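Contents: one structure, followed by commentary.
Just so we're clear, the structure is a prediction, and the values are computed from it rather than from any experiment.
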Amino acid sequence: MQRASWTDERLDDLAEAMRSGFDRVDRDMRDLRSGMESLRQTVLRIGAGLMGGMTVGFLSVIVAIVARGA
């Protein structure tokens, strides 16, 4: 098996490839975090709307039960 030699040029190419790879991963992570934050905001908005509707429904049931019993 022939042994490969690492020249300065090959090491520089490897370093550049690693730098660009890490830059891409950093960009992807920032995009993912941004997307997760917007998803979180959407879920919070939907949840707040559902809780309001559930509260009104729950109170309506209580009022109906009390009105029927009186």
Practice task
Can you establish whether the number of heavy atoms outside Asp8 located under 6.0 Å from its atom CG is more than 12?
Solution key: no

Handout entry: 4.5 Å side-chain heavy-atom contact, Glu37 and Arg33
Key = no

Exercise for the section: Let me know which of Thr42, Val43, Leu44 forms a side-chain contact (heavy atoms from CB on, under 4.5 Å) with Ile46. Expected result: Thr42

Exercise for the section: Mind checking the CG-OG1 spacing from Asp13 to Thr7? Nearest 0.5 Å is all I need. Expected result: 7.5 Å

Exercise for the section: Answer yes if Phe22 and Leu11 sit in the same cluster of Ile, Leu, Val, Met, Phe, Trp and Tyr residues linked by side chain heavy atoms under 4.5 Å apart, and no otherwise. Expected result: yes

Handout entry: Co-membership, hydrophobic cluster, residues Val66 and Phe58, 4.5 Å side-chain
Key = yes

Handout entry: Ser34 side chain vs Arg30 backbone, donor-acceptor pair below 3.5 Å
Key = no

Handout entry: Nearest-0.5 Å distance that lies between atom CZ in Arg40 and atom CZ in Arg45
Key = 10.0 Å

Practice task
To the nearest 0.5 Å, tell me how far Asp23 CG sits from Glu16 CD.
Solution key: 8.0 Å

